Structure formats: structure tokens, C-alpha cells
Participant: 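What follows is a single structure, and I will ask about it in a moment.
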Amino acid sequence: MGVFWDFVKSMASETFPPKPKWNPDKIPSLEGKVFIVTGGNSGIGLEITKILLSKGGKVYMASRSAEKAKGAISEVEKATGKTPDFLKLDLADLESVKSAAEEFNSKETRLDVLYNSAGVMIPPMNELTKQGYDLQFGTNVLGHFYFTKLLLPTLTNTAALTPDGSARVITISSGAHHLHGIDYNILKDGEARSKSDPQALYAQSKYGDVVFARELARRYGDKKIVSISLNPGNINTNLQRNVTGFQKKMIGFMLYPVLPYGVTTHLWAGTAPEAAEFNGKFLIPWARLGAPRKDTQDPKIGEKLWNWLEEQVADL
């Protein structure tokens, strides 16, 4: 019952949040700073790419589709007069993740903020990653873990150069993380996973995002990595493309537009000077500190997930 009531309270606070007290106009100059935005070709990722560029940042738009990225880059250029750099990244293929990190590291020696923003929500049950993992956990958690792991040397080197002495990793979760812990028997295809359902698998992946972000904070906080997870709010994007029927009607009235609401918590986490003090914290809409599900903060749960993630990428 404790988990259920935590979810009810979070729904009340996060689904219908008060008006934001922070807005992107407060973003300081980002001249000289380098950003990666996974899923930067659509939705919230696309809009924060525009804003980061307009404030002087250099932004890598990480996307699996060069064709979709081409159209998004054209849109960004028209809106800002500036061009993001394309980085080919398919989070559902660990070899692609490795190639993307290697490409970035060959071009840059600096990375101020990594936005682990891309995500998959309730796809058909038969969809898996290239390596056979559940598509939602494999993309939302494992792919982002591996990408972050490969970029940690650049992040830690950057932290030593910044005025506030930190580099940031922003991992996007959801209020759904309150609904489901991690069942390690359903992270790959098999009989146990076939008895689950897409909604539970989505909630599990969002729980994993919070646990990963918290464990990253615990392990790398002394190296000045600021790891933050957040619920961006219920935002109307193509993330809901697989939602149909009654469920679509039910959540439709709760959705907010990407602008101005959807970008707010992302940008606060990644650019606000005060957010440099938020290592290990969970943020909620709009640009507020919140409380995640309690067991996501348990070091034993964090260590178990981290070890499992390490094992999956050990031989790549």
C-alpha cells in the first residue's frame, strides 16, 4: 500500500503541478559548453536543442535516423540560425552506442551536459533490442547506461574545467517509476517476459532510470559528476504514439505542450547554476525538487542494477 499511496501523491503533485517559478529566460550564457541530447530530433529533445543553441551552446543531436535528423536540423536552423551536430546513435543496439561514443570522443574533449532524453513507451511486445533485451529496458536504461559509461572520462575531464567544478548527466524518468520495481527475469525475451505487459515493462524501465541515476551519483559524485533524474511531466509528444483506445482518451486531458512546459525541468536540471547542487536528486514538473519511490535510493538495489548493467556490456 505504501508504494501505491506514494504513486497517488506523486500523481497529484506531478500531473497537475503549480505554475513554474523558473523559465528558460534565466539560462545563463552557454558559450563554450558542449551538450549531447539523445532523441534530440523530436519532442522535448528537439526543443531543448533549439534553446541550448540559442544560448550559445554546442549541441550534438543524437538520433538513430539520419533522415529524421536531417529534417530536424533544418527546423533548428530556421528557428535559431545555428546548426546542431548530428551523432548517429541507436540505443537499442549496443554496438551503435559504442560507435556513437567513439565518434563523439574523436571530435570533442569536452562534454558539459549529457541529456539521456530519448525513450520508448509501450511498443508491441515482440519488439526487442538488437541484442535481445526488452526494447524499453534495453533502450531507456541499458543503452543510456552504456553510452554514459563510455563518456565518463570526457565528463570527468570537463568537470575539472568548469567554474562550478562539475559536469552533468540528466536522465529522464517518469511518474510511472512508482508502479514497478525491476524483475531481472523479464529483461530479456522469454516465457516470464511474455506474461508481462508493455505498461509494466515501461514502468520498470523508468524505475531503472532513477536507480541508475542515483547509483551514478553515488559512484561518481566525488569526481564532480552531477547525476540527476527527473519526471518531465505528462507532455504531448510522439512518445505516446503506441497508446490507443480508452488509455489514449484517459491520458489525453493530462497532457501539456512541449512549449513552454515540457522543456522547463530539462533545462533547469542542465543549465541552472543551483542545479549543480542536485547530485542524486529527483526533479518533478515544473523545475522542482521531488521525492522518487523510496527504494530507488537503496544502495543495495543500485549496486545490483549497476553490476547487472556492467555484465551486459563487459564483452563489447
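Worth saying up front: this structure is predicted, and the values here are computed from it rather than measured. We number each residue from 1, following the sequence as shown.
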Participant: Of all the heavy-atom pairs spanning Val211 and Gly302, show the shortest one and how long it is.
Facilitator: CG1-CA, 3.6 Å
Participant: Glu127: which residues meet the salt bridge (charged side-chain N to carboxylate O under 4.0 Å, His left out) condition with it, sequence neighbours left out?
Facilitator: none
Participant: Salt bridge (Lys or Arg N to Asp or Glu O under 4.0 Å) between Glu103 and Lys88: does it pass, once the steps are laid out?
Facilitator: CA-CA 9 Å; Glu103 180 183 347; Lys88 185 172 178 55; over 6 Å; no
Participant: In terms of hydrophobic clusters joined by side-chain contacts under 4.5 Å, are Met125 and Leu179 together?
Facilitator: no
Participant: To the nearest 0.5 Å, tell me how far Leu267 CG sits from Trp286 CH2.
Facilitator: 12.5 Å
Participant: Evaluate the side-chain proximity of Tyr207 to Pro292: yes if any heavy-atom separation is below 4.5 Å, no if none is.
Facilitator: no
Participant: Can you check whether His178 reaches Val210 side chain to side chain, under 4.5 Å on heavy atoms?
Facilitator: no
Participant: Are Val76 and Met61 close enough, and set up right, to give a side-chain contact (heavy atoms from CB on, under 4.5 Å), and what steps lead you there?
Facilitator: CA-CA 11 Å; Val76 172; Met61 178 186 287; 4.2 Å; yes
Participant: Measuring from atom OG of Ser42 to atom NZ of Lys68, what distance do you get when rounded to the nearest 0.5 angstrom?
Facilitator: 7.5 Å
Participant: Is any side-chain heavy atom of Leu53 less than 4.5 Å from a side-chain heavy atom of Pro84?
Facilitator: yes
Participant: Is there a side-chain contact (heavy atoms from CB on, under 4.5 Å) between Gln131 and Gln312? Walk through the geometry before answering.
Facilitator: CA-CA 10 Å; Gln131 285 76 30; Gln312 310 317 301; over 6 Å; no
Participant: Please assess Arg218 against Glu215 for the test salt bridge (Lys or Arg N to Asp or Glu O under 4.0 Å), listing each intermediate value before the final yes or no.
Facilitator: CA-CA 5 Å; Arg218 190 176 72 84; Glu215 186 65 7; 2.5 Å; yes
Participant: Answer yes or no: is there a donor N or O on one side and an acceptor on the other, between the side chain of Arg110 and the main chain of Gly32, under 3.5 Å?
Facilitator: yes
Participant: Give, for atom CG of Leu289 and atom CG of Leu230, the distance between the pair rounded to the nearest 0.5 Å.
Facilitator: 11.0 Å
Participant: Would Asp134 and Lys188 count as a side-chain contact (heavy atoms from CB on, under 4.5 Å) here? Give the steps.
Facilitator: CA-CA 5 Å; Asp134 171 70; Lys188 278 197 166 185; over 6 Å; no
Participant: Has the side chain of Ser196 got a donor or acceptor atom that lies under 3.5 Å from a matching backbone atom of Arg193?
Facilitator: no
Participant: Quick check: closest heavy atoms across His177 and Thr296, and the distance to 0.1 Å?
Facilitator: CD2-CG2, 4.0 Å
Participant: Would a single hydrophobic cluster contain both Phe278 and Val169, if residues Ile, Leu, Val, Met, Phe, Trp and Tyr are joined by side-chain heavy-atom contacts under 4.5 Å?
Facilitator: no
Participant: Hey, does Lys33 have a side-chain heavy atom less than 4.5 Å from the side chain of Lys55?
Facilitator: no
Participant: Same cluster or not: are Tyr146 and Ile172 linked, directly or through other Ile, Leu, Val, Met, Phe, Trp or Tyr residues, by side-chain heavy atoms under 4.5 angstrom apart?
Facilitator: no
Participant: Provide the closest heavy-atom pair for Leu135 versus Pro123 in the form atom of the first, atom of the second, distance.
Facilitator: CD2-CG, 3.9 Å
Participant: Mark yes when over 12 heavy atoms from residues, nucleotides or ligands other than Glu191 sit less than 6.0 Å from its CD; otherwise mark no.
Facilitator: no
Participant: Aromatic rings Trp306 and Phe145: how do their planes relate, parallel, tilted or perpendicular, breaks at 30° and 60°?
Facilitator: perpendicular
Participant: Using side-chain heavy atoms (C-beta onward) and a distance below 4.5 Å, is Thr148 in contact with Tyr220?
Facilitator: no
Participant: Testing the 3.5 Å rule here: is there a donor-acceptor pair between the side chains of Asp90 and Ser96?
Facilitator: no
Participant: Between the side chain of Asn279 and the main-chain N/O of Ser227, is any donor-acceptor distance below 3.5 Å?
Facilitator: yes
Participant: Is it the case that one hydrophobic cluster holds both Phe212 and Leu152, taking links as side-chain heavy atoms less than 4.5 Å apart, direct or via other members?
Facilitator: yes
Participant: Does Trp308 form a side-chain contact (heavy atoms from CB on, under 4.5 Å) with Val141? I'd like the steps, not just the answer.
Facilitator: CA-CA 11 Å; Trp308 182 88; Val141 185; over 6 Å; no
Participant: Report yes if some heavy atom in the side chain of Tyr261 is under 4.5 Å from a heavy atom in the side chain of Pro17; otherwise report no.
Facilitator: no
Participant: Restricting to non-hydrogen atoms, name the atom on His180 and the atom on Ala200 that form the minimum distance, rounded to 0.1 Å.
Facilitator: CD2-CB, 3.6 Å
Participant: Just checking, any donor-acceptor pair under 3.5 angstrom between side chains of His144 and Thr38?
Facilitator: yes
Participant: Within the structure provided, determine whether Thr156 and Ile225 are in side-chain contact (heavy-atom separation under 4.5 Å).
Facilitator: yes
Participant: Pro24 and Ile51: which non-hydrogen atoms are nearest, and at how many Å?
Facilitator: CB-CG2, 4.4 Å
Participant: Look only at the side chain of Ser173 and the backbone of Asn231, and say whether a donor-acceptor pair between them is shorter than 3.5 Å.
Facilitator: no
Participant: Roughly how far, to the nearest 0.5 Å, is the OG1 atom of Thr109 from the CG atom of Asn157?
Facilitator: 8.0 Å
Participant: Quick one: which of Val59, Asn116, Val113, Leu46 gives a side chain to side chain contact (heavy atoms under 4.5 Å, CB included) with Val37?
Facilitator: Val59
Participant: Please report the interatomic distance CZ(Arg219) to CD(Glu303), rounded to the nearest 0.5 Å.
Facilitator: 6.0 Å
Participant: Above 12 or not: heavy atoms from other molecules or residues under 6.0 Å from NZ of Lys304?
Facilitator: no
Participant: Run the salt-bridge test on Lys50 and Glu47 with the 4.0 Å N-O cut-off and return the result as yes or no.
Facilitator: yes
Participant: Side chains of Thr154 and Asn105: do they bring a donor and an acceptor to under 3.5 Å?
Facilitator: yes
Participant: First locate atom OG1 of Thr171, then atom CZ of Arg214, and finally report the distance between them rounded to the nearest 0.5 Å.
Facilitator: 13.5 Å
Participant: Which of parallel (below 30°), tilted (30 to 60°) and perpendicular (above 60°) describes Phe35 and Tyr115?
Facilitator: parallel
Participant: Does any N or O in the side chain of Asp112 come within less than 3.5 Å of the main-chain N or O of Val34, such that one atom is a donor and the other an acceptor?
Facilitator: yes
Participant: Quick check: closest heavy atoms across Thr129 and Ala92, and the distance to 0.1 Å?
Facilitator: CB-O, 3.2 Å
Participant: Please say yes or no: joined through hydrophobic side-chain contacts below 4.5 Å, possibly via intermediate residues, are Leu91 and Phe86 part of one cluster?
Facilitator: no
Participant: Do the non-hydrogen side-chain atoms of Gln204 and Asp183 ever get within less than 4.5 Å of each other?
Facilitator: yes
